[in-house]
Amino acid sequence: MSTIQSSFLIATILMLLLLDFTVDVQSSADVVFPLKRYGNIVPGTDITKALANAWKDACTSNRSSAIVIPGGIFNVKEGIFKGPCNSPIDFQLGGTLQAPKSLQGNNWITFERIDRLTLSGEGVFDGQGKAAWKKNDCHKRINCAQLPISLRFNFITNSIVKRITSLDSKNFHINVLGCNNLTFHNINITAPENSPNTDGIHIGRSNRIAITMSKIATGDDCISLGDGSKQINITNVTCGPGHGISIGSLGRYTNEEPVEGVIVKNCTIINTTNGVRIKTWPASAASGTATNMQFLDIIMVNVSNPILIDQEYCPWNQCNRKIPSKIKISKVSFKNIRGSCATPVAIKLICSRHLPCDEVKVGDIDLTYNGIKGSITSQCTNVRPIISGKQNPKICSSPYVVP
């Protein structure tokens, strides 16, 4: 672990200790803006305008402030909460905010260009995505229509999101872009297993992002890291159902930024199609890199592909597998991963023949398969893994079978 990663991990632990001490304490904000100040706020009403007015007052306040949303179910057409603001803001959600059922725009709730934001409470962001999922045709068309993302965090710095729930998003639950020093703690994300493209938390072009003590159950990746993700710390996350915890996909677009410095530690992955994986597109639009990624102390429960590097990632056959990926993967560690598989191929390290993977370490693996499709095994190509400790299954024990 690098000095930078160690410092980030220590800082995250200290922040979590502070969170544990402050979790039940009311806001220490100098000024409180209760939503009832901005109209007849009763359950079942639309509070879009009231929220906008409360945000305007809080953002322009020269003293730390809190916006307090009471218990109950409220409708919000769209919420755009932009900075920069004059002082720290605590956005406290006590009730449930419901999105429109109709498909309007690409966003629902957006927080943008804010420093020292706290989004907290026991409340729920309900995306009401059930009707939208039926209209998702991205498995048929590359240029499919985009559905609204429930929560966007754009260019947020030095902030915390804690104890909230995201329910039934139409598209991604949470999207993080251009953020620095942002922590998600004790988050609950829920959508059915068959809900398409409902990634739990997607991160892109962001630095020093921590996801801790959270539960994510979706129809897609529990957590996905896009290009430009750096110094990402994922600890004590329970994932499943869904597609696991993924780095990528990478290489689909030009001008992608490197991925580096990722730690996934002390996580439990249950009934997912993948466990921990790195995925890049063949026939990449441009060259790129993904390096210094660690997957440590992870429990798998009935996971179909527990450990996976897939540089031939080609969903719905929308690409050309015959052209190798241009993404260079290096300095990857899979260590102390144990549990059960839903399929006999427990480990697949499928690297690019154009740029083989370097410095891939595999140590202390103990996975079991009790199904009827054969003995547990692993497959490798274009990689020479560095092996240590227990190996169950034996690494690279079977030839890679091209799909």
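- Inspection of the T235 and N266 side chains reveals no N or O donor paired with an N or O acceptor under 3.5 Å.
- None of L308, I223, I247, I269 except one satisfies the side chain to side chain contact (heavy atoms under 4.5 Å, CB included) rule with V276; the exception is I269.
- Of the N and O atoms on the side chains of D364 and N336, not one donor lies less than 3.5 Å from an acceptor on the other residue.
- Checking S195 against W133 by side-chain atom types alone, no donor-acceptor pair falls below 3.5 Å.
- Put simply, the side chain of E256 gets close to the backbone of G251: a donor and an acceptor are under 3.5 Å apart.
- Atoms CG and CE, on L225 and M293 in that order, are 10.0 Å from each other to the nearest 0.5 Å.
- Remark: the backbone N or O of I350 is not paired with any side-chain donor or acceptor of T381 at under 3.5 angstrom.
- A side-chain donor-acceptor contact under 3.5 Å links S229 to the backbone of I203.
- Test I327, V259, I329, D310 against I278 for side chain to side chain contact (heavy atoms under 4.5 Å, CB included) and you get one pass: I329.
- Here the options are F153, F125, F111, the test is ring-ring contact (aromatic ring centres under 6.0 Å, His included), and the partner is F91; only F111 passes.
- In this model, no donor atom of one side chain and acceptor atom of the other lie less than 3.5 Å apart for T218 and D220.
- Contact check for P258 versus T291: no side-chain heavy atoms found under the 4.5 Å cut-off.
- The backbone N or O of R277 sits nowhere less than 3.5 Å from a side-chain atom of S246 that would complete a donor-acceptor pair.
- There is no side-chain donor-acceptor pair under 3.5 Å between N40 and T45.
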query = Can V237 and C222 be said to form a side-chain contact (heavy atoms from CB on, under 4.5 Å), step by step?
reply = CA-CA 9 Å; V237 169; C222 292; 5.8 Å; no
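- Between the side chains of D227 and Y253, no donor-acceptor pair is found at a separation under 3.5 Å.
- In this structure a side-chain-to-backbone donor-acceptor pair under 3.5 Å is missing from S397 to I395.
- Checked by atom type and distance alone, the side chain of S214 never pairs as donor or acceptor with a backbone atom of N188 at under 3.5 Å.
- Of the options I164, I109, I187, a side chain to side chain contact (heavy atoms under 4.5 Å, CB included) to L119 is made by I164 and by none of the others.
- Remark: the Q311 side chain and the T280 side chain contain an N/O donor-acceptor pair separated by less than 3.5 Å.
- Judged by distance alone, the side chains of S224 and H202 do bring a donor and an acceptor atom under 3.5 Å apart.
- Between the side chains of S169 and T198, not a single donor N or O lies within less than 3.5 Å of an accepting N or O.
- A distance-only check finds a donor-acceptor pair linking the side chain of N86 to the backbone of T60 [under 3.5 Å].
- Using modelled atom types and a 3.5 Å distance limit, the side chains of S325 and S284 yield a donor-acceptor pair.
- Of the possible donor and acceptor atoms, none in the side chain of Q146 sits under 3.5 Å from a partner among the backbone N and O of N171.
- Here the side chain of S378 pairs a donor or acceptor atom with the backbone of C396 at under 3.5 angstrom.
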task = For the pair N107 and N175, evaluate side-chain contact (heavy atoms from CB on, under 4.5 Å) and give the outcome as yes or no after the intermediate values.
result = CA-CA 10 Å; N107 316 302; N175 191 82; over 6 Å; no
